Amino acid sequence: MREPTLNTSPSPGDEAKTTTCYMCACRCGIKVWLADGRIRYIQGNPAHPVNQGVLCAKGSAGIMQHYSPARLNKPLLRVGERGRGEFREIEWDEALQLATDWLAPIRARNPDELAFFTGRDQSQALTGWWAQQFGTINYAAHGGFCSVNMAAGGLYTLGGSFWEFGEPDWEHTRYLMLWGVAEDHDSNPIKLGLGKLKARGAKIVAVNPVRSGYGAIADEWIGIRPGTDGLFAFALIHELLRMDRIDLEYLVRYANAHWLVIRAPGAADDGLFARDADGHVLCWDGRAATRADAIDISPVVVGECTLPDGRVAVPVFQLLAERYLDPQYAPDAVSERCGIPADTIRRIARELAAAAFDSKLSLPVAWTDSWGREHAEMTGRPVSMHAMRGISAHSNGFHTCRALHVLQMLLGAIDTPGSFRYQPPYPKPIPLPNRPGKARRPDGTLDAGPLGYVHGPEDLLVDADGQPRRIDHAFSWAYPLAAHGMMHTVIRNAHAGNAPGAGGQRIDTLMMFMANMSWNSAMNTGETIAWLTDKDADDNYRIPRIIYADAYASEMVAYADLVLPDTTYLERFDAISLLDRPIADADGVADAIRHPLFDPATQAEGRDVRGFQSVLLDLGARLGLPGMVHADGSPKYRDYADYIVRHERAPGIGLLAGWRGVDGEAHGKGAPNPEQLQRYIEHGGFWREELPESARYYKMANRDYLRWAQGFGFAASDAPIVLQLYSETLQKFRLAAQGHGPVQPPDAHRQRVATYFDPLPIWYEPFEHDQTSREAYPLNAVTQRPMFMYHAWGSQNAWLRQIATRNVLYLHPDTGAKHAVADGDWIEVGSHHGRITVQAKFASNVQPDTVWSWNAIGKRKRAWALAKDAPESNQGFLLNHLISDVTPRGDYANADPVTGQAAWFDLRVSIRKADATGTSQPQLPALAFAEADERPLRYGARLRNAQFHSKAAPEQPRRKPRP
Ligand code: SF4
């Protein structure tokens, strides 16, 4: 019998196109294989610096994201009541004319009446600039409810941060501590790095109430109680100080350990740095005060000194030692609160010190520091740390992030071989020079970008009475360092401000992009929905107009008056820009693009969508916004691709750094190059330049690095960046609260500012832990984002839904026994804010005082084109219904008092067996989106036939149900 002729290694498709994945925030390089004009297969791009060929489940399921039945296909105008989901399709001209008609009077009257907030988009370099040109201070992206504590804690301390702006030295570290890290950020680089550590036998310690994902392969799991990470860090600092296992030379050379602080309680200069007549910070050399930045000094770091003018001053290190050697931070004192045995804390401190100081790592690389000293080698401290939302999404998260950085500094473990490393363009000056815009120029534009970094009370956005000017109250006395804005407060404040006689800020139009604020991105989801739909006595919506742009039929679409349909990530141009969230790594600088693999019109019958960034530029031109029109009023940019290539933020600096200059030979700075996007496409969609070997460590004080960074426009000068153990910026706010200076908080905020603006990191109970009864709500409740899904997007994806279509509440079996709950029981979960009914599942990978669930799998009925009986909406749930957007006292947002970061993980709950079973509660009415197609989404059968048999006609995408 003859064997059939089979092609056992068929080509994945007719052609492969390289672009950037957008199935999560990681921005991996991908190769998209096409066959007969349809996606056949997605694989990782081995040449790409981010993922080096690695692809995760989400990335490969991008096929199903592109062909999702939930795609929006036409602009939509609301026809029914807001929130029902009843729309009629309109043409783009009508949609853009409407938006122009709504926005033009606002800009003429008061640009702040436009609140423009974006979600997890990757184009903030454009959207922030657009808001500045419009002239509104009311702009932000999603960082305020994500991890601004991480960003601000790092930037005000190190001039860099964890998140995806820094990384462990995967090649050399011998001890890695992961603090509160789930699986959703920097995903593939961390997986690759952990693989290297495992192969080398380096120790990985995961500090997290839940052992999942990366923690599952850690050598040691520290099941910490939520909100106590700072206390644990202080106990480690206490032990290191007590054992005298710190790197004092590093602290004096690269940090401000020796800087003198005025000690004059009650005086206007108390707690500020002592400076000479020229403003240089002073230190004490044992005999006299001298410049702290002088070369080769041996300053005193303990004790007290008297300055020539008679004032008393102490070195920063003295203050630090006084604070953290206090017995309240001893391991025995914090053990019970943290849920970590004191012996474990002591052992971890010894292990950290041993890894840092006893390993004698040094790299034979000569380098020159900022002061011109030449070093024959780079001394290593192979202890690294990485942290993320688990530590930062608490009301004490800012100080916890600072605490981790102080711990790293004491070990000499910032940008030394083996430690945490900056990724260019970081480090940046401390604080960053760009302050938030406050005033409007004659042409109506804001005098600076709406977001930035305050240096002191004078930079706040408050009125003459000290009240917030922004709709979200960012940069007010309530949340002064809210560097990423506070998206989680916008809808409440917009509703309240528009109430008669409320006296708050009024807005006219709320414009949002990719932000599911009526569902999983909202705290207090139920009331948020009510605020979006509430009307005044004249039957007008309290929030008069809502414009929303999204690619998919999310829950938020139902609350828009005008819906602008965005493309999928495979139909658009994007810039992964150094002006936004770069994809650089510690050894090189890089950026990337996306480019359209398809014309959207070919992707479904009647599909007529546009990239939101191009729409913004079109809208800006119709509004005549400066920067978007020529002198004759004609549009300056054809679309976003044109903007990416031709827009210059400063002379020679644009969104992309590669292939600049008229001949395309310049990198970093250079004139716009019309062929730039083509060069990116030819080079796999990305550009990367390697750092000189001598510039790869000690970046904060490495002359070669700082000059290289200056050449790229990352830094204004090559001056060293001094790490701030002690933050004078915070002390300036505290002094204002104590009655000093021309800008002071209203009396209602004084105590709060004085308490939380401590220049050295502090720990305090998360507000909800402190303000609710431990007996009534004995458990902590947290969420994690699943490794296989990203925000709300994953639950529309036919392949990812095969992994999970619903979530459950996980609890430790001991916790179940304690509360008379059995595995699989339906339980009622209550908080000070609300109650939900969910199904419980036992898992022993959680510390017993904590319950947890996957985030954003629960869906509103009929949203995302899911069937009406989809498990996501019938058995899945949101913990958000339990999370209040204000503290239990109701006095402030449920947020960090320094940065305004949403305190998602402060939640305390009770559990008890429920009477009803089978369906999660609450169940909100189904959206009036068109009946979802319940047939399973099949993909590939025709392609397979075409591959192995004859060339069949390409499978046609089914028309998606219209909302
Ligand atoms: S980690 Fe994120 S960006 Fe990378 S392949 Fe997976 S989904 Fe795509």
Side-chain angles (χ1 to χ4, degrees), residues 12 16-33 39-68 119-123 142 146-147 163-165 167 170 178 181-195 212-214 217 386 388-389 423 514 551-552 568-572 574-577 580-585 590-595 597 684-686 688 784-804 854-857:
K17 296 192 176 184
T18 49
T19 185
T20 305
C21 184
Y22 202 163
M23 293 295 287
C24 85
C26 192
R27 295 155 298 165
C28 298
I30 50 173
K31 279 186 178 180
V32 182
W33 284 90
I39 313 173
R40 179 71 177 87
Y41 177 58
I42 298 177
Q43 68 179 143
N45 179 0
H48 199 277
V50 170
N51 56 321
Q52 297 157 42
V54 173
L55 195 72
C56 76
K58 301 185 293 288
S60 53
I63 299 175
M64 287 301 170
Q65 208 80 356
H66 178 71
Y67 293 122
S68 168
R120 196 58 188 87
D121 73 296
Q122 295 176 0
S123 53
H142 82 298
C146 184
S147 259
W163 209 327
E164 50 226 30
F165 309 124
E167 66 187 48
W170 300 112
L178 294 168
V181 180
E183 292 79 33
D184 57 328
H185 272 266
D186 218 21
S187 175
N188 280 340
I190 291 180
K191 285 178 219 154
L192 283 161
L194 291 176
S212 67
Y214 308 140
I217 62 159
H386 191 69
M388 203 40 216
R389 195 174 301 107
Q423 296 172 341
M514 272 180 73
Y552 304 102
T568 74
Y569 70 106
L570 299 175
E571 297 169 320
R572 63 188 304 123
D574 269 328
I576 318 298
S577 171
D580 188 356
R581 300 164 68 90
I583 56 162
D585 57 86
D591 59 20
I593 65 161
R594 293 190 186 90
H595 60 105
L597 311 189
F686 67 92
R688 181 175 184 275
Q784 289 205 25
R785 185 159 304 127
M787 192 175 261
F788 50 89
M789 287 184 182
Y790 182 59
H791 290 280
W793 287 355
S795 296
Q796 66 177 310
N797 189 299
W799 287 353
L800 300 179
R801 292 187 72 221
Q802 291 178 33
I803 301 173
W854 296 123
N855 186 35
I857 289 182

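Predicted model only: the values in this text are computed from it and were never measured. We use all heavy atoms of the structure for the numbers below, so side chains are in, but hydrogens, waters and symmetry mates are not. Counting convention: from 1, in listed order, for ligands and their atoms alike.
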Pull out every atom of ligand 1 sitting under 4.0 Å from any heavy atom of L55, numbered as shown with elements. 5 (S)
Under a 3.5 Å cutoff, is there a donor and acceptor pairing between the side chains of N797 and Q65? yes
Test side-chain hydrogen bond (donor to acceptor under 3.5 Å, both in side chains) applied to S60 - qualifying residues, sequence neighbours left out: none
Protein N/O/S atoms under 2.8 Å of atom 2 (Fe) of ligand 1? C24 SG
Under 30°, 30 to 60°, or over 60°: which ring-plane class applies to F165 and W163, parallel, tilted or perpendicular? tilted
Please name all residues satisfying side chain to side chain contact (heavy atoms under 4.5 Å, CB included) with D580, sequence neighbours left out, ordered by chain then number. Q124, A125, S577
Using the salt bridge (Lys or Arg N to Asp or Glu O under 4.0 Å) criterion, which residues pair with R581? Sequence neighbours excluded. E164
R27 and R594, any side-chain heavy atoms less than 4.5 Å apart: yes
